[in-house]
Structure formats: structure tokens, C-alpha cells
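All values derive from a computational prediction rather than experimental measurement. Numbered from 1 within each chain, the chains take letters A, B, ... in sequence-line order.
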Amino acid sequence: MNTEFYRPSCKEDAIKLLSKYGKDLMIVNGGTDAVLSIVEGKADPKAIMHVAGLPGFHEIMEDGDYLYIGGGATFAEMQASPAIARYKGLIEALSHLASPAIRTIGTAAGNICTAAPAADCAAMLYALRAEAVLESSEGTRILPLSDFYITTSSYSTVIKENELVTEIRIPLLRKGEGSGYCRLSRRKAQDIAKVIIGVRLALENEAIASCSVALGALNATLVHGETIEKAVIGMKKEEALEYVRSTFPPEAKLHRSYFTEYKKDVVAAAVERAFSMALGNAEGEF
Amino acid sequence: MNKTKYVGQRLPRTDSLAKATGAARYTGDIWVNRRDILYAKALFPPYGHARIKSIDTSEAEAIEGVAAVMVADDLPGMNGYGGMVPDKPVIAKDEVLYEGDPVALVAAETKEIAEKAVKLIKVEYEPLPGYDDPVKMLDPSSPMLHTDNPFHKNHNISDEQIIKKGDVEKAFREADVVIDNWYKTPLVDHAYMEPDAAIAEYDPIQGGITIWSPQHAVQLAKRAMSDAFGLPQSRIHVISQLVGGGFGGKEDSTFDVSVVAGVLSIKTHRPVYFELTRDEVFKGTGKRHPSIIHHQLAARKDGKILGIKVETIIDKGAYKSIDAIPSRTTQYAGGPYSIDNALTHSWSVFTDHPYGCAFRGLGSPQAHFAMECQMDELARKLDMDPVELRLKNILRDGDTTIWGQPMMEERGLGLEECIRRVTSDPKFNEPLDNSDPRIRRGRGIACFMYGTGTGSATDGAHVMVQAQPDGSINIGVSASELGQGFLIAMKQIAADTMGVTIDKIYLDYADSAASLESGATVASRTTVLTGNAIINGLEKLKERFSAVAAPMLKTGKENVCFYQNMVFAKGLENEGIKLTAVIAKAFASQVPLGAIGSWYPPMATPKGDGLGDKMHTYAFGCEGVQVAVDMETGEITVEDALLACDIGKAINPDTLEGQFEGGMAQAIGWALMEEHFMSDGKMKNHTFHDFLIPTAKDIPDLRTIIVEHPNALGPFGAKGAGEPPIVPGAPAIRNAVYDAIGIGLNEIPMTPVRVMEALRKKSAENADKSRR
């Protein structure tokens, strides 16, 4: 009932509030998930802290070996950012995420923290081997997304109650690298995906030199398609496409649902499409 | 009849601007702006079927700000209400039959208090088995859902209808081919934007009650709720606010909220507001009836249909509501074709599901889905062009329908023109791009007919018209503005009839105290029936005014003409006098300025065996669709859709095209994605997150063709147009998918899951064949 509402003016104040309230404080960034959970009565926080206005929180820039995405950067800001334009897979993921209205307020940081298994942006970031920068009164730690989620259950992360995601960073796409994305859903917009595939790969001498595959909406959490990641190393384009077209990634442990058989039928095609986009992106102009 | 100036013109709807700017006021807006009003909540059960063992309301009653808590024993009148029979309890007493049966009601000073109080009501339930399957429930050995309802005595059958024409067995014996298939259509919500809401205010002066709520039928509402209120029908005053989408659903789902607000207002003598959350709308309000159809069609090898045998089992849900579906599914089981021998049989069967109610098309979409799929199956079997096959069988002047009604060109018979205009459309004949083996494209068509009005003996419309001394005209009409554009259409008809400028026409609409019974705003009936009643009323005024004007114009009254607020003798347009002068003279000469206008269609004539004339006129149409099917993901994309529909006369082509496009889009939803899943009487998907309706991206550029074969009995030749456009979409899409992938899907919605399942089955069959 008597929820306190804070809008800190700097990161330091935000971190102090986190230390003060701990788990009783709900961080609201875009609020597209948080507000829903409050309205549905799933959350009843003592205090709400709105972080979208923190200085510098919306910045998106390249620096050194990384592309940095500010903790308050919205999906729409990412879509419009020249620094992200050549991350074709990420642009594709963003352009299918929810609706234009949601994209103007929802954020990548919020997306990874909600930890939904069918999160478009988070899945693509996972494939891009992105890392979360977590700050607290105890200091800063940087976690790859593969260590960020608690893999045994949906909607859970290792983030501590005094920590704030201040940035997400992606190892820069170098020449010869590309990313691709494919989602399958029941309708053409505003629908939670039933299959999400994100791919990042590097080509050297026309063969795949490194590869990262994210599988979304297939398990309780996002997972890597490690079997495919390993198998395609050294393969040329057509060989790789032929391989993924005929391989159901064993890391996708489908639970029994109305969609199980359907997913069995379509996952390989989705992987192929994501690969095809990533290969095109890798071969494209740098 | 005067010269027409407005009928046929593309005039903007009167409600568009206010709705676009937010100035339009809906029921919820009244509540927000009133200070004296109580807020109501209902407690709904967590079960689809359960016995109520005990209810304890003491904690809820103890909260400050709670004005009333009601259980079944506290009701002012009979514990029942309903559009056709009062079979639905206001508050469940001993047993809940679906998730939408309220167990207790609360009215409180604020929304927050009401929400808190309703959570404190303690109910002990004994869960009972959920009855989900209408086929099992039709079996006489199945348990009965209604064990103690005075309106339901025929086991689990709510209604049963049969049409018998000719000698079906002989037709099947003599047939060269028989097409025999099962079809299935889903349970779907109307998904109107505005959730159901009502305000009730007790009238201490005469002991009546006023209800404000979005309604299809303000006069029907008086009858539907009078027993529950314990009040004579005359004391119930119903006003329909603007309706934020109805599609038939608010014909009686509105009673669910109105009756709750009403009994609480009668108890507290305070105004009460009750609205449903979206979750409650999904679980509790009426739905489109799901159907299971066994369709058998007998034909000669030249394509002539000899007979049909059709059995349709309809999931009625828990209560009767509007139960015209057996009647409509038997009627339309043979589509718009001339068939001499027919046996069509339909049952609506009770289950623990949300009650099936009116939904755009009222059973006709289900029936046509099966029949139009059968037509393509027959065309394939005979290796005939599906267009030629249809042209060979369509109803023409002098043919009789399967219910024995002769078809007449003078009532408008434009189906052949619709088919020819769709199938000769250049875009519909462009070569299909099938260069990518992963994407298969195809085209399909479907035809239909749809009657104007209810086709029952009670169908008719009555309005009040009154000329004002300043030359403006009031028309009291009980119909509702649902977003269909009824107001502008009535103004166009009235202005041309009366010979006044359109700004002179003002409608006192959707208020039971300012209008007479003109039937519900349903059944594609308002333009024709209410329009004709308005014409009838205005003609009466004109006749009186002609008698007054004749001496003023020095002519005979038969020569008096009315046009653009002027009255003149025939041929002497420039020597006219103002209509206001005639009205002033009439007012001063004991000539009444008001009249009642009435219109009845020709009487529906039941002759036994389900035969006899039903509606006086029918809309006809044909839709052509192009789809692309992704063979790897099962995704269907509707790439092109073209609807030609014969509606007699377009009173306002803009609003008419709006109806066409709306129906086509809604059909895409029904065909491809909309579907509620029920288990043990409980709805599994009750949010817009998992009950999907189409977005703008799922709808192609919808193309429409207005075809006008006038109905001699319609206003300016019009036929009903509201529902027809939804009917052909689903079978046209299904037939296009058939063309694309060579598989006929007989269950909708055709989701990616079902498409992949069908492709999997086919590839297993092919593998099996090649092994042998």
C-alpha cells in the first residue's frame, strides 16, 4: 500500500538505496515487466527505484574491445544506434520484440534481469557472448550471461539484492564475424516466440572459426547449443547449413507441452535460418 | 420517393471524431466522473464445476466502506435472467456450472475496498467432474449438467433442429460420388476492446431502475432482467452508452454485469458500477459456439449436387443465452446452393464452458466452413474447377433453398456476379511465385449467403418520429451504435426520405425510454428493418404535411414534393415554400407533428420439417484468398484477400467497406489463431498473451467489391451487411492452403502446430506408400 518511490539522480545514490532496502526494493527500468508483476499482485515491493533517468544510462558506444549498452538503453535506442547497425542478428531480434510502444520504454538490462526463457533481446545477447556489469556497494563484477542465469529455473538470476546492472557489454564483432537471429511464433507481431535461435560466428578462410548458438524458448532458461557450436568449427558455409538443417540441438530439452512435437519439427529450420543470416552478416561489408 | 441526395454517399460517421479524440464517453467514463457511486465486485469460483458447501461473508461485511454483500438468498426477485429464457442464476446457490457463475457480490464505497472485501469471502467447494465434451454430453447415458433447472428438461440438449427436404437416401443411392468428412471449429472470444460494464441506479420516485451499459438491445434488456429484479418490465429503463465493440457478445453478456449492478442497487438504493476485468471477460462472458460437423455430400459426376446429410454438434456451454445456432447451422449447412434433397440436424449441448452466445454470423460461419470445404473436396474428386462447380450449383431466380424458400431476383440475387468479379480480378489471376520450395503459395475461394433479420415471427421494428417547429426532426430508435455506422446510415435514409438537409436529422437512440421496440441491433437487421420503420414514420408525416402544404402551393396533395428543407409542387422547384412554414401551419391546425413508424418483414412461415420461408432477403458473397505456407515452420500468411458481397444497396459505401474489412480481418483470426482451450471446465488461456487475435501485420491489404442487386423490400434496395463479411474467410483460406500444400485441413484455427502436424502425417503416409 505505502510504497516508497525513488528516482535517484546518480548511480551512487541508486547503489545506496539498494544497500538500504535489499530485496524490499524493486528496480524499475522501463517497467514493462515490473509494472505487470505489481498489477498482477505477484510483487508488492516496499520501495520502487526508477533508474531509467540515471546520468549516462542510455549510452551505447564502442570502447576498446567492447560494445557497451547502458543499463537504461531502450530497445528503440538500440535499434537506432549506428554502433549496433552491423549486429544484424541483434537488430532482427529487436525488431520483433513486443510492439513499437514497448520498445520505446523496455530495456536490454531489464530484459536480461527478468530472465524469461523466451526473451528475444536477451537470447541474442546470450549468443553474442555478452556480459553484464553489476555494481554494488561492494564493488563491480562482470558476468558472462552464461553465468548470469540460474539454469535450473526460469526467471532467476545470480544477481544479488544489492546489485544493479549498470551496463551490458558485447565483445566487438570483428571483420569476418556476423550474427543472425530467427524466431518462430504463432502470429506476426506482439507474440511471445515459441522458438528463438541466436547465432554469432566468425569466418576465417571461408570456414567457421568460432561459433556461439543461443537456444531460447526451448528450455527453462536460455542455453547454448554447444553440440552445434563445436561441430560446425572448420565447416564451410554449405556444409554448415546442411549440418544444422539436419540436426536437432540436443541441448534443447523440450518439456512436455502442446508445442513439443511442433518444436521438434521446426527447430532445425530455425537454426539454419539464423546461421544463414549470420553467415551473410559475416561475409558482408565490414 | 424524393430525389436522393445522401443515400449512396461516402459521408463520415458521426462518432468517428469523438472516438478518435477521446471525447466520446463510454460507461466506464460515467463511473469515473460520478462521486456517489458504489463499486461492485463478484466472487467467481476457482472451478469449472463444483458444489457450494458453505459461504461465510462475515469478514467482508465487517470492512468499513462495504455497503452490501449478497449471496443467492439475498436476491430481490427470481434467481435467473437471460436473453431467451431466465436460466442463468444471478448468484449461484448450490452449484457452479462454469467459471463465470458468481458466488457472492460486494458493493463498496471504492474499488479498492470492494476488491479487498471480495477476497475475504470464504467459500467451501466440493469439486465436481468437468464436462468438456459436447459429443459425450449428447449421449443419453451421460450425466446431466442441469439437474434442477426448470428451463432445461431435455437431458443435456439446449436446442435441436432438423431440416428435411426431398428424399436424401435416394439422392445418396443415385449419386456418382459421396464426399464424407468431419470438421471442427473453435471456442472463441469476441475480444471487444471495452470490457463489459454497467451502472445501475435505483429510482426512488416510481420504484424503478435505470441501467447504463453497452448494449445491443435496450428493449430486450427490460424483458431479460425483469424477473431477477422483481420489477415489471415497464419499470426498467435501459440506456446503451456507446459500445466499445460488441460483435454480438454484448447482446446478453451485458446482462451479466447489468443484473449484478441492478440487484446491488435495488438492495442499497445507491447507484452501483460493475465492470469485468479482462480475465473475467474471457472466462465468464459469451463465446462463439465451437462446432463438430459431420458433412456428407452426394453429387453427380457432372458436379450437380444431389443431396446433403449434415450433423452438427454445438458446444452450448453452461446456459442457453442466444441459442439460434442449431437453427442457423441446419439452415446454412448447404451453403448458397440449390440442393433438392437435404437432411440437416443440429444439437446444442450443455457443457461446463462459457455459454455460447451471438457472435457475428451466428452459426453461419461454422456451417459454411464445412460446406465450402466440401465443395473444394468435391471439385478435387471430380477434377473440376472449383469456380465452375460453384457456378453450376448456386441458387438462381426460382430455385429453392434446402429449407424450401424460393429465391427471387427482386429480393437481390447477386452471387454469380460476386463469383465472377472475384475470380476475374487481375491480381487474383497473376501467376503464383512458387520458386522457393520452402514457401508454397495457393489460392482458394468460398461463397456464402446470409439472411437479413432473425427470420422469426417476432421480427419487426418501430420508431418514433417528430418534426420540430424549426424544421429539424427527432427520431427515437432503440438500436445501438456499435461502431458499425448505424447513426450516419439512418440519417442518410431519413434525410432523403423527408427531403431535408442531413443536419436536420437527430437520433434519440439506444434509450429504452425514448424509443419503441425495434429489435436488437443484431442479425444484420438494423439498416433494413429500422431504416424501413423510419421511412414509414416519415412518410406518415409527409402525407400529413402534404395535405397542409397543398392549399399553400395551390396544388393537389399528391403533387407535393419535399427536397432540401423546401416544399414545392411537382415541377415547380423554384416556387417552393420552406418546410418550417408548413410545419408551423400544421402545428396551428391540429395536425400532430409526431408519428410512429413500423415495419415488419413478410411473416416467416414454418411448414414443418424445418421448411418454410425464413428471412425475406439474403446477402450473397464470394471471397478469394491467396496464401503462402512456410513448409518448414507451418506459418500461413494471407497475402491477398478480395471480398465481393451483394448487399442490395450501399447506403454509405465507406461504412460498408468498414464492415467488409472488419469481417474479413476477424475471419483471418478465426481461421488462423483464435482458440480457447478448456479442461475440466476451466479455461487454460485467458489473457491476450495466449488468446491471440490478428495484428495489423497478420492482415493483408483487404480488397473489397460492393455488388448491388437491390432488395425490393429494403430501404433504397438495401440488405443486411454487418455479419456477412466474416462468413467466407475461413473456408477460403483453408481452400487456398489446400491449393498450396495439397492437404485439406478440416479443423480451425490452422495454427503452425496443426499445419506441421498435417505435413508430418502426410510425409509419414508418403513414406509408408513408397515402402509398399
Which portion of B:Phe688 sits near chain A, non-hydrogen atoms under 4.5 angstrom: backbone

Contact summary for A:Tyr262 and B:Thr633, nearest pair of heavy atoms: CE1-O, 3.4 Å

Check: A:Arg187 side chain, B:Ile693 main-chain N or O, donor-acceptor pair, under 3.5 Å: yes

Contact check, side chains of A:Asp265 and B:Arg760, non-hydrogen atoms, under 4.5 Å: yes

Heavy-atom closest contact (A:Ser185 atom, B:Pro752 atom, distance): O-CG, 4.2 Å

More than 12 heavy atoms from other groups under 6.0 Å of NZ on B:Lys19: yes

Interface moiety of B:Met673 toward chain A, non-hydrogen atoms closer than 4.5 Å: side chain

Residues, nucleotides or ligands: over 12 heavy atoms within 6.0 Å of B:Arg278 CZ: yes

Minimum heavy-atom distance B:Leu692-A:Asp191, with the two atoms named: CD1-OD2, 3.6 Å

Separation between NZ of A:Lys263 and CE of B:Met756, rounded to the nearest 0.5 Å: 14.0 Å

Over 12 foreign heavy atoms within 6.0 Å of OH, A:Tyr243: yes

Heavy atoms from other residues, nucleotides or ligands near CD of A:Glu206 exceed 12 (cutoff 6.0 Å): no

Side-chain (B:Asp698) to main-chain (A:Lys188) donor-acceptor, under 3.5 angstrom: yes

Evaluation steps, side-chain contact (heavy atoms from CB on, under 4.5 Å), between B:His689 and A:Ile192: CA-CA 8 Å; B:His689 161 104; A:Ile192 305 291; 3.2 Å; yes

Portion of B:Asp630 that has a non-hydrogen atom of chain A nearer than 4.5 angstrom: side chain

Part of A:Ser99 within contact of chain B (heavy atom distance under 4.5 Å): neither

Least distance between heavy atoms, A:Ala189 atom then B:Lys697 atom: CB-CD, 3.7 Å

Side-chain ion pair, A:Arg273 and B:Glu632, N-O less than 4.0 Å: yes

